[in-house]
Amino acid sequence: MINSIEEAEAYLNGLPFVTGEDFLSRLELVRCVLNKLGNPQNSISVIHIAGTSGKGSTTYYASTLLSKVGYKVGLSVSPHLNKVTERTQILDKDFSDQKY
């Protein structure tokens, strides 16, 4: 069980890079899990920003613009600049700063 951000970061850094058939079998596993959960990814609005450069700044610009017009914005970026908790944000706050 992972009990802290540090343990989660260590776990993620220790995962092997997966390619080929192993990747496809893991992808199918994810599809099966999502299907059992009712495919929640189909009921949310998402902007996926991809490419070779400029993703981070583009993501932050889009997040700021959407927040300013009233949307509740969640943000997931990688890599982080200062600490791993920056990778996931809700309403411009690191995930670890959120109160639920």
Side-chain angles (χ1 to χ4, degrees):
M1 177 179 270
I2 296 174
N3 296 308
S4 70
I5 295 295
E6 292 78 18
E7 289 177 10
E9 186 174 17
Y11 171 78
L12 291 173
N13 288 336
L15 290 175
F17 188 73
V18 180
T19 60
E21 288 184 26
D22 286 338
F23 174 80
L24 293 176
S25 64
R26 287 187 184 187
L27 181 59
E28 189 55 36
L29 176 62
V30 170
R31 287 182 178 144
C32 288
V33 169
L34 289 171
N35 189 44
K36 291 210 179 274
L37 293 171
N39 290 305
Q41 75 281 3
N42 295 336
S43 63
I44 58 173
S45 298
V46 174
I47 298 174
H48 182 146
I49 299 170
T52 55
S53 62
K55 295 178 297 297
S57 56
T58 301
T59 300
Y60 282 102
Y61 290 140
S63 174
T64 300
L65 290 169
L66 291 168
S67 294
K68 295 292 182 189
V69 296
Y71 286 95
K72 181 176 182 179
V73 178
L75 180 68
S76 177
V77 295
S78 178
H80 57 277
L81 294 176
N82 298 305
K83 56 185 181 174
V84 72
T85 56
E86 295 170 354
R87 291 183 179 204
T88 305
Q89 301 175 24
I90 300 172
L91 298 173
D92 298 324
K93 292 184 181 178
D94 292 1
F95 190 71
S96 65
D97 297 335
Q98 297 296 314
K99 303 284 188 255
Y100 297 101

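All figures in this text were calculated on a predicted structure; none of them were measured in a lab.
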Exercise. Taking only residues at least two apart or on different chains, which pairs with a member in residues 30-42 satisfy salt bridge (Lys or Arg N to Asp or Glu O under 4.0 Å)?
Worked result: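 Only Glu28-Arg31 qualify under salt bridge (Lys or Arg N to Asp or Glu O under 4.0 Å).
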Exercise. Got a sec: does the CD of Glu21 have more than 12 other heavy atoms crowding it under 6.0 Å?
Worked result: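 It does not: Glu21 CD has 12 such atoms or fewer within range.
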Exercise. Does any N or O in the side chain of Ser63 come within less than 3.5 Å of the main-chain N or O of Thr59, such that one atom is a donor and the other an acceptor?
Worked result: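 Checking the backbone N and O of Thr59 against the side chain of Ser63, no donor-acceptor pair under 3.5 Å is found.
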[X] side, atom [atom1]; [Y] side, atom [atom2] - distance, nearest 0.5 Å:
X     : Y     : atom1 : atom2 : value
Lys72 : Ser67 : NZ    : OG    : 11.0 Å
Cys32 : Leu37 : SG    : CG    : 11.0 Å
Leu91 : Leu75 : CG    : CG    : 10.5 Å
Asn35 : Gln41 : CG    : CD    : 9.0 Å

Exercise. Do you know which two heavy atoms are closest between Gln89 and Tyr60, and how far apart they sit?
Worked result: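 Smallest heavy-atom distance, with atoms named: NE2-OH, 3.3 Å.
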Exercise. Which other residues belong to the hydrophobic cluster containing Tyr71, where Ile, Leu, Val, Met, Phe, Trp and Tyr are joined when side-chain heavy atoms lie under 4.5 Å apart, directly or via other members?
Worked result: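 Result for Tyr71 is Ile47, Ile49, Leu66, Val69, Val73.
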For this session: Take Lys83 and Ile5, measure what side-chain contact (heavy atoms from CB on, under 4.5 Å) needs, and give me the verdict at the end.
Result: CA-CA 10 Å; Lys83 56 185 181 174; Ile5 295 295; over 6 Å; no
